[in-house]
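Worth knowing before you read on, the calculation uses all heavy atoms, side chains too, and leaves out hydrogens, waters and symmetry mates. So you know, we letter chains A, B, ... as the sequences are listed, proteins then strands, and number each from 1. Remember, it's a predicted structure, so these values are computed and weren't measured experimentally.
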Amino acid sequence: MKLFTAFKLACYGLWSNRFRVLSAMMGVVIGMFAVIVLTAIAIGVKDTLMKQMGSLGAEQILVLPGRVLDTANGQKDLLSGLTNVPSTLTYDDAKAIEGVPNVKSVTPQLETITIAQYDERNVQSVLVGTSDQYSRIQHADLSEGRFFTKEEQAEEARVIVLGNNIHEALLGKHEVPVEDEGSSGEAQQTKPIWKKVLDKLLGQSASAEETSLVGKHVTINEESYEVIGVLAPNATLGSSTDNNIMLPIETALATTDMKNLTKMIVESASVQAVDEVDGAVFNAIKAQHSEIDFSVVKQDQMLGALGKVTSILQVMLFGITVTALLISGTGIMNVMVMSVRERTREIGIRKALGATTSEIMGQFFFETLLLCCIGGAVGIGLGYAFIEVWNNNIEIFALVLPMWAVKLALYTTFGIGSLFGIYPALKAARMKPSNALRFE
Amino acid sequence: MIELRDVRKYYRSGSGKAEILRGVNLRVEPGEYVAIMGKSGSGKSTMLNLLGTLDLLDSGTYELAGKSVHKMSRGRLAHLRNEEIGFVFQHFQLIPNLSVYQNVLLPLTYGRKRLRRKKALVLALLDEMGISDKKNQKPDRLSGGEKQRVAIARALVNEPGLILADEPTGSLDEETTESILNLFDRVHKNGATIIVITHDIEVAERADRILHLQNGVLV
């Protein structure tokens with residue numbers, strides 16, 4: 001069989017029926033677009049989570065409230081074991097850990113939801129009482145000002161560092177919803193609608209001549225705090241600092257009713273000492289507690305648990321993708337079977353003029369294959385464009401499209417074209433020319 | 001030379017089968033112009049399908065240009081149709097989404113011959129048929145006579161030894177019929193063997209010999 005002839009005839013065939021072909025192709029385009037985008041989402045989420053966990057550093061250990069159960073293979077089962085119990089971890093536990101050999105630093109975190117007030121604006125935020133190590137451990141860079149010092153911690157200084165969103169919201173550049181009722185809610189409503197519309201149009205607050213709150217005072221729980229720094233935007237999945245307000249943990253303990261820690265990040269002196277420190281930290285806290293109501297988790301255990309989550313996500317996406325491809329493949333096959341039926345007389349004419357069974361089969365097979373490959377290429381292109389637009393405009397997490405995913409998508413379109421092209425091609429090739437010529 | 005010996009053809013009819021051709025014998029010499037006449041349902045089209053290898057014999061033998069057609073595989077039959085036989089149908093059977101030029105070129109596409117001058121050959125034929133100005137048009141823009149000229153050009157493009165025509169003027173008016181029959185005369189004079197299936201006596205009278213198909217046999 002002359003492959004090139006069959007290919008050329010398939011091109012003619014597609015071009016001659018281009019409007020029907022376009023509608024049939026949409027199935028493959030959407031299918032491939034879904035494959036590319038879903039794969040990029042799955043890998044992007046996995047990468048982002050892994051990076052975040054990885055950014056903890058291999059020498060870091062998390063201390064969490066509640067007991068995380070061990071699995072049969074000795075791993076921490078963070079999925080089934082995490083329980084929503086009240087924290088019993090205290091700042092005294094953190095101080096006890098500081099005395100453990102080979103512990104480089106301990107970063108306790110004490111969190112609560114609060115309302116920050118500046119001028120007439122009330123902004124809901126997460127108040128985090130922590131140590132001077134917080135910005136280093138969380139990789140939270142400062143856009144302006146500075147982070148508080150050990151000395152300020154000791155002095156219980158009334159100083160705070162604002163997350164980027166909170167800073168912008170307090171300046172009136174954009175709003176953070178306030179769920180609180182009463183005076184703060186009323187204060188939020190005091191801004192007339194026309195002023196809000198004007199703010200939107202101008203892209204700024206009409207009253208926002210101020211560009212920074214560093215050096216200014218913000219009120220939290222009727223206590224005035226000096227803003228000493230602002231964190232750079234840090235929009236990521238899960239643990240963004242954008243909506244946080246950080247203050248020294250000693251100040252938080254003195255000025256709020258917060259007593260129990262949300263978590264602690266313990267830094268080992270070296271990676272080699274992590275296992276030893278892990279056990280010693282556990283024992284140090286255990287000595288202060290009447291029961292084991294806390295968990296000590298190493299970075300590799302966190303990554304293992306995340307790996308399980310992302311694996312589940314990938315299996316789910318694989319299922320969706322296979323379904324999408326089967327639907328688009330079946331759609332293509334139906335269109336091609338209809339095409340063979342509509343072109344029965346044409347098949348008869350071609351056979352009468354000398355086309356062999358394999359040439360007819362080749363033509364229709366190549367038509368399906370081409371249809372799938374062109375549709376697939378368009379779908380992949382659109383998916384790629386979507387990823388580019390997403391990555392250039394949305395910061396929450398980056399979509400990642402590895403080359404193997406593109407290759408897999410291309411092979412898949414080829415596979416679908418081959419698989420679903422066989423039946424219509426056989427149907428066309430098996431026609432008797434005398435019957436095909438009589439077909440009405 | 002064409003030779004059919006005791007050719008039989010059956011079709012399924014309900015639970016049984018109907019015999020359409022009942023032992024047909026036919027011998028046509030090279031360059032001969034033969035007309036086969038018969039009433040509707042007499043088996044004329046079946047006869048043409050068998051001669052053109054569009055359908056297979058149930059029994060009997062068929063020799064064409066010294067080859068035993070009845071023994072050939074489907075693949076070889078396709079090559080035989082391409083190289084030895086040109087078809088002209090009553091309803092033209094042109095492919096609607098191909099241009100006049102592409103329709104005429106089609107047999108060369110499936111041919112095994114490596115013709116360097118395919119384009120020139122097609123254009124010369126279209127010129128000879130008087131339709132070279134229509135070469136880029138689709139068949140639905142042509143008149144009946146023009147469509148049949150395209151079909152004749154397509155039948156001739158591979159220079160086959162046998163032209164099979166099934167009611168070639170059945171869809172044409174009187175004036176166009178005359179011009180198409182004149183074309184057949186010219187093709188015949190150039191040495192082609194022509195077998196025309198018709199029920200029109202005026203068409204049949206242009207042939208060298210007229211045969212009648214009655215009750216499944218030629219008389």
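- Chain A forms the most heavy-atom pairs under 4.5 Å with one residue out of B:Gly86, B:Gly75, B:Ser45, B:Ala78, and that residue is B:Ala78.
- Between chain A and the options B:Arg154, B:Arg74, B:His79, heavy-atom pairs under 4.5 Å are most frequent for B:Arg154.
- Counting heavy-atom pairs closer than 4.5 Å to chain B, the top-ranked of the candidates A:Gly348, A:Ala436, A:Ala355 is A:Ala355.
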Quiz prompt | Full working for side-chain hydrogen bond (donor to acceptor under 3.5 Å, both in side chains) between B:Gln137 and B:Ser99 | solution = CA-CA 5 Å; B:Gln137 290 195 7; B:Ser99 67; over 6 Å; no

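- Only the side chain of B:Leu98 comes within contact range of chain A, with at least one heavy atom under 4.5 Å from a heavy atom of that chain.
- Salt-bridge check for A:Arg350 with A:Glu359: failed, with every basic side-chain N at 4.0 Å or more from each acidic carboxylate O.
- Note on ring orientation: taking the six-membered ring where Trp is involved, the planes of B:Phe184 and B:Tyr33 are tilted (angle from 30° to 60°).
- The aromatic rings of B:Phe87 and B:Phe89 lie parallel to each other, their planes meeting at an angle below 30°, with 60° marking the opposite boundary.
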